[in-house]
A.B. asks: 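Pasting a structure below so you can have a look.
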Amino acid sequence: MKNVLEQLNEKQLGEVKRQMTIYTQGVQEIIPTEELKLKIAMSILENRPLKIKLGLDPSAPDVHLGHTVVLKKMRQFQENGHIIQLLIGDFTGKIGDPTGKSIARKPLTDEEVKHNAKTYFEQFGKVMDMDKVELHYNSEWLSKLSFEEVVQLAGKITVARLMERDDFEERIALGKPISLHEFFYPLMQGYDSVLLENDIELGGTDQHFNILMGRHFQEKFGKEKQVAMLMPLLEGLDGVEKMSKSKKNYIGIDESPQEMYGKAMSIPDDLMNKYFELITDFSSEQIEKVKADIDSNELHPRDAKMLLGKTIVRMYHGVEAAEKAEQQFISVFQKGIIPKEMPIVEWEGNLEVPILDFLVDLHLLSSKSEARKMIENKGVKINGVKVEDTGLRVPIAEGLVVQVGKRKFVKIKRRSK
């Protein structure tokens, strides 16, 4: 394969360069870069698509923008005719990936795996063409391994190599236990690559160890080794932690246009370049132009966020929804106008209710303590008037508008009994 570039004509070499430019954009690390270039060249020479693997343990069913960093890269390969292998870890999901965990993860049940996988498929369709994706479940082969075969698999790697894993080292240093089955997770993920014979595996930088196991086991089984492509992790709206639903710092791709746009406006200024590069559908030229304008202050941070918010909404809800979301933001947040459209809640409770109970019953806040704190921080309005008394009793009237924070609005409709 080393001499493959010498066999290509000028046009084919140009195509190698074009694809490399696309695939390396925004990538944190490629192991090794030269092998990626040679694989692309061989694909062109033989007119054979590459196999690109993405492994998923369906542990959290809601897809957010952090997930789309890898999905966007998969789509780029797909658009160039390569084969996308989406591997659902329905078997490994029952063990749980120990990556980044200080304790063993709780195994998933069959029902949880099936439910989460179905949700993934539906939401991934907003980023990739799912009709052109190969779907695989690793229970197809892992559940059929005999104990003898498992022992033979374990014999292809040393304990010392497994102990190189950062989270295992940290847990031992802290005196925290590691169960034997957790050592088998990277073995099984590596074995998946042996069976799929994929050329490239994508994942976040937190999957560094697991993805390199694919290279290790492919070599041990006499297969051509995959290239590891590691994408950076996207910080969430807090600007610190990795985007995560559990951290409440995420933008979900199934959220409403108004919620998406509003959340985008809270992205820290210093992350704007990263967001444009990793989660938008802008071309390389457009990304570089936006970055340059932000860095030179030609594009004000507020305007950059508005452009980003509009782009995110357009990608997942369409142009019209993006226009409406932007106009609502301008009306509500810049001019202080109550939006014309908002969720309507039918109320059939008492005609007068304590404000703390009211906010919780409307699902605007999750607890009375959160409601009290929000009122004390001047974050609650009724019909445009700030609520300052946490002991207020609210008279329920038709058309009452309740606002929490900057983005949550509901209008009350009294249900006739």
Side-chain angles (χ1 to χ4, degrees), residues 60-64 115 118-119 122-123 236-238 244-266 309 312-313 316-318 320-417:
D62 293 318
V63 178
H64 53 64
H115 173 265
K118 182 176 182 293
T119 307
E122 293 170 351
Q123 296 182 21
L237 304 179
D238 56 3
S244 166
K245 187 174 182 183
S246 63
K247 301 288 184 182
K248 298 182 179 180
N249 65 352
Y250 71 104
I251 301 177
I253 68 171
D254 258 0
E255 290 189 285
S256 70
Q258 290 74 23
E259 190 73 7
M260 276 185 163
Y261 194 100
K263 283 186 173 182
M265 295 304 295
S266 66
I312 293 170
V313 176
Y316 297 102
H317 293 284
E320 184 177 348
E323 293 285 352
K324 290 180 68 174
E326 182 173 70
Q327 289 307 310
Q328 176 167 323
F329 176 83
I330 292 171
S331 297
V332 174
F333 303 114
Q334 293 186 355
K335 298 181 180 178
I337 301 172
I338 293 175
K340 293 180 180 179
E341 296 182 12
M342 67 183 74
I344 295 176
V345 176
E346 289 193 272
W347 182 263
E348 57 181 3
N350 296 330
L351 297 183
E352 189 176 280
V353 62
I355 182 64
L356 300 182
D357 293 327
F358 191 41
L359 295 172
V360 173
D361 290 343
L362 291 173
H363 302 293
L364 292 172
L365 292 163
S366 60
S367 66
K368 289 185 181 181
S369 60
E370 279 194 19
R372 180 177 287 105
K373 185 176 180 181
M374 183 63 75
I375 291 172
E376 291 172 349
N377 291 331
K378 314 297 184 185
V380 177
K381 292 182 181 180
I382 293 181
N383 285 342
V385 179
K386 286 182 181 177
V387 176
E388 299 183 351
D389 180 7
T390 58
L392 175 70
R393 295 185 66 85
V394 182
I396 308 301
E398 182 76 15
L400 188 76
V401 174
V402 184
Q403 177 183 352
V404 172
K406 294 181 178 180
R407 294 191 296 270
K408 294 182 179 179
F409 290 84
V410 297
K411 181 179 287 188
I412 303 300
K413 177 179 175 60
R414 284 175 53 180
R415 183 181 294 179
S416 56
K417 296 184 177 179

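These numbers come from a predicted model, not from an experiment. Heavy-atom basis, side chains included; hydrogens, waters and symmetry copies ignored.
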A.B. asks: Checking H64 side chain against N249 main chain: does a donor-acceptor pair fall under 3.5 Å?
C.D. replies: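 Not confirmed, H64 side chain does not pair with N249 backbone.
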A.B. asks: Kindly give the heavy-atom pair with the smallest separation between A264 and G309, and that separation in Å.
C.D. replies: CB-CA, 3.6 Å
A.B. asks: Using the side chain to side chain donor-acceptor pair (under 3.5 Å) rule, collect all pairs that involve residues 359-369, keeping only residues at least two apart or in two chains.
C.D. replies: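 Listed once each, the pairs are D357-K368, S366-E370, S367-S369.
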A.B. asks: Do you know the tightest heavy-atom contact between A325 and P257?
C.D. replies: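 The pair with the smallest heavy-atom distance is CB-O, 3.8 Å.
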A.B. asks: As an exercise, state the distance from CD1 of I253 to CD1 of I312, rounded to the nearest 0.5 Å.
C.D. replies: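 Result: 11.5 Å between the selected atoms.
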A.B. asks: Does the cation-pi check pass for K263 over Y250, that is, NZ or CZ under 6.0 Å from the six-membered ring centre and within 45° of its axis?
C.D. replies: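 Output yes; distance and angle both within limits.
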A.B. asks: Give a yes or no on this: more than 12 heavy atoms of other residues, nucleotides or ligands lie within 6.0 Å of atom CD of E320.
C.D. replies: no
A.B. asks: Within a strict 4.5 Å, meaning less than it, do heavy atoms of the L392 and I375 side chains meet?
C.D. replies: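 With C-beta onward as the side chain, the pair stays apart.
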A.B. asks: Measure the shortest side-chain to side-chain distance between M374 and L359 over non-hydrogen atoms and say whether it is less than 4.5 angstrom.
C.D. replies: no
A.B. asks: With rounding to the nearest 0.5 Å, note down the distance linking CZ in R393 to CD1 in I355.
C.D. replies: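 That separation rounds to 11.5 Å.
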A.B. asks: Which distance, rounded to the nearest 0.5 Å, do you find between the CG of D254 and the NE2 of H317?
C.D. replies: 7.0 Å
A.B. asks: Do any N or O atoms from the side chain of Q403 and from the backbone of G405 form a donor-acceptor pair under 3.5 angstrom?
C.D. replies: yes
A.B. asks: With a 4.5 Å cut-off on side-chain heavy atoms, are L400 and I382 touching?
C.D. replies: yes
A.B. asks: Report the distance from atom OG1 of T390 to atom CG of L356, rounding to the nearest 0.5 Å.
C.D. replies: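 If we round to the nearest 0.5 Å, T390:OG1 and L356:CG are 6.0 Å apart.
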A.B. asks: What's the separation between atom CD in Q123 and atom OH in Y316, rounded to the nearest 0.5 Å?
C.D. replies: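 So the gap between those two atoms works out to 10.5 Å.
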A.B. asks: Working to the nearest 0.5 angstrom, can you tell me the gap between I412 CD1 and F358 CZ?
C.D. replies: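 It comes to 4.0 Å.
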